[in-house]
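A short worksheet on the structure shown next.
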There are 2 protein chains.
Amino acid sequence: MSANSRLTIAVHMLSVLELRRRRDHEWSTSEQVAHSVRTNPVVVRRMLGDLRDAGLVESRRGPGAGWRMAHDATEISLADVDDALGAEPAYAMHRNEPNPACPVARGIRPALEPVYARVDDVVRAELARTTLADVFRTTMALAD
Amino acid sequence: MSANSRLTIAVHMLSVLELRRRRDHEWSTSEQVAHSVRTNPVVVRRMLGDLRDAGLVESRRGPGAGWRMAHDATEISLADVDDALGAEPAYAMHRNEPNPACPVARGIRPALEPVYARVDDVVRAELARTTLADVFRTTMALAD
DNA sequence: TCATCTCGTAACAGATGTGGTTACGATAAC
DNA sequence: GTTATCGTAACCACATCTGTTACGAGATGA
């Protein structure tokens, strides 16, 4: 299984917050967000909870409570969202230690490390080029 | 769970083939490769089987059989290996259809698609810059 | 022909990650 | 105090990946 749809879901949730805010609903409930994503409100609260811990959204409790974005959509990039989700790099080293008796096993990890670091850099740089406002604008334009 | 150590393992296996070839062992068995990676020979045969289907390695059966690289290490890039493994993009769309009654749900996927496509492009481009020969050279240099 | 070696591959178990669900306490508005 | 909603634990279901056993297929050489 891959964890690779989490960024999509998070951006979807944030876009729902943005849409509702523009329609004069400052706060949105996990139930309302869940309805658009077609998932369970607990799933929404879990993921928005991660985003709140990273400072991207705010939550409020009690009646009339819910969630809202903590910043303007122009100030949040997809890289920020990916970070907030604790996303792991696309490529990782061995899960189990390889055999140190073999020179390949000893040297392969330090050899691949800088390669993977560069890959991670370009991914983050590319994600940083797009903001939630960009995504929201395109989303609305393509909704019909 | 993430499938993200597969490229590492594959490059490790190919490097073992390269090392043994340079030591005048043209063919290597899955048992020998498994010893360096510290895994099961069947795991090696499965993964090298994928690489063979992509034309990166060759296999032979019977006594004295095994595996060898099908090309020079300078001619195979990490992007080729990743392709051969059938690697999936780092980011994917929703697993379940979102609610078409919501404009965000309707527009979010076409809006994110080009973003993810660009991410995939830069990842592939970065991986294409490194060949197996590059990795092998660095691996040997860092083995001690 | 036969013994032997190794690949090729099916089948299954275990670990792990993600998402969905239920449940219930905490909090805040009225 | 009633009500709405978050916060979070607990559990299940499901998919993927890895490791393992098992055994047939193919090739070599005596």
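Below, read A as the first sequence line, B as the second, and so on, with proteins coming before strands; counting in each chain starts at 1.
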Residue pair B:Val33 / B:Met13: nearest heavy atoms and the distance that separates them:
CG1-CG, 3.6 Å

Here the distance between atom P of C:dT18 and atom NE2 of B:His94, to the nearest Å, is 17 Å

Donor-acceptor pair under 3.5 Å, B:Arg46 side chain vs D:dG19 base
yes

So for A:Arg45 and D:dT5, does any side-chain atom that can act as donor or acceptor lie under 3.5 Å from a complementary atom in the base?
no

Using a cut-off of 4.0 Å on non-hydrogen atoms, how would the nucleic acid contact of A:Gly49 be classed: base, sugar-phosphate, or nothing?
nothing

note: A:Asn40, atom CG; C:dA23, atom P; distance rounded to Å ~ 12 Å

Starting at the 5' end of DNA chain C, which residue's closest nucleotide do you reach first, A:Thr39 or B:Arg61?
B:Arg61

Counting only side-chain nitrogens and oxygens, does B:Arg95 get under 4.0 Å of the OP1 or OP2 atom of D:dA15?
no

B:Leu85 has an atom CG; how far is it from atom C1' of D:dC17, in whole Å?
13 Å

CA sep, side-chain torsions, deciding dist, call: B:Arg129, B:Asp134, salt bridge (Lys or Arg N to Asp or Glu O under 4.0 Å):
CA-CA 9 Å; B:Arg129 293 183 53 216; B:Asp134 295 330; over 6 Å; no

Does a donor on one side chain and an acceptor on the other come within less than 3.5 Å for A:Asp82 and B:Tyr91?
yes

Quick check for you: among D:dT18, D:dG7, D:dA22, whose closest atom lies nearest to any side-chain atom of A:Trp67?
D:dG7

From the set D:dT20, C:dC7, C:dT4, return the single nucleotide nearest to any side-chain atom of B:Pro63.
C:dT4

Whole angstrom is fine here: how far is it from CD in A:Glu58 over to C1' in D:dT5?
17 Å

Step through the shown structure and confirm whether more than 12 heavy atoms of other residues, nucleotides or ligands are within 6.0 Å of NE2 on B:His94.
yes

Between atom CE in A:Met93 and atom C1' in D:dT18, what is the gap in whole Å?
19 Å

B:Ser59 side chain: which of C:dG8, C:dG19, D:dT20 is closest?
C:dG8

Atom CG of B:Asp50 and atom P of C:dC7: how far apart are they, to the nearest Å?
15 Å

Side-chain N or O of B:Arg6 versus OP1/OP2 of D:dT18: is the shortest distance under 4.0 Å?
yes

To the nearest Å, give me how far apart CG (B:Asn96) and C1' (C:dG19) are.
9 Å

Over all strands shown, is B:Arg60 touching base, sugar-phosphate only, or nothing at heavy-atom distances under 4.0 angstrom?
sugar-phosphate

What's the closest nucleotide to the side chain of B:Ser30 if the choices are D:dT8, D:dT20, C:dC7?
C:dC7

Do A:Ile76 and A:Thr131 come close enough that some side-chain heavy atom pair is under 4.5 Å?
no

Mind calculating the distance between CE (B:Met47) and P (C:dT9) to the nearest angstrom?
16 Å

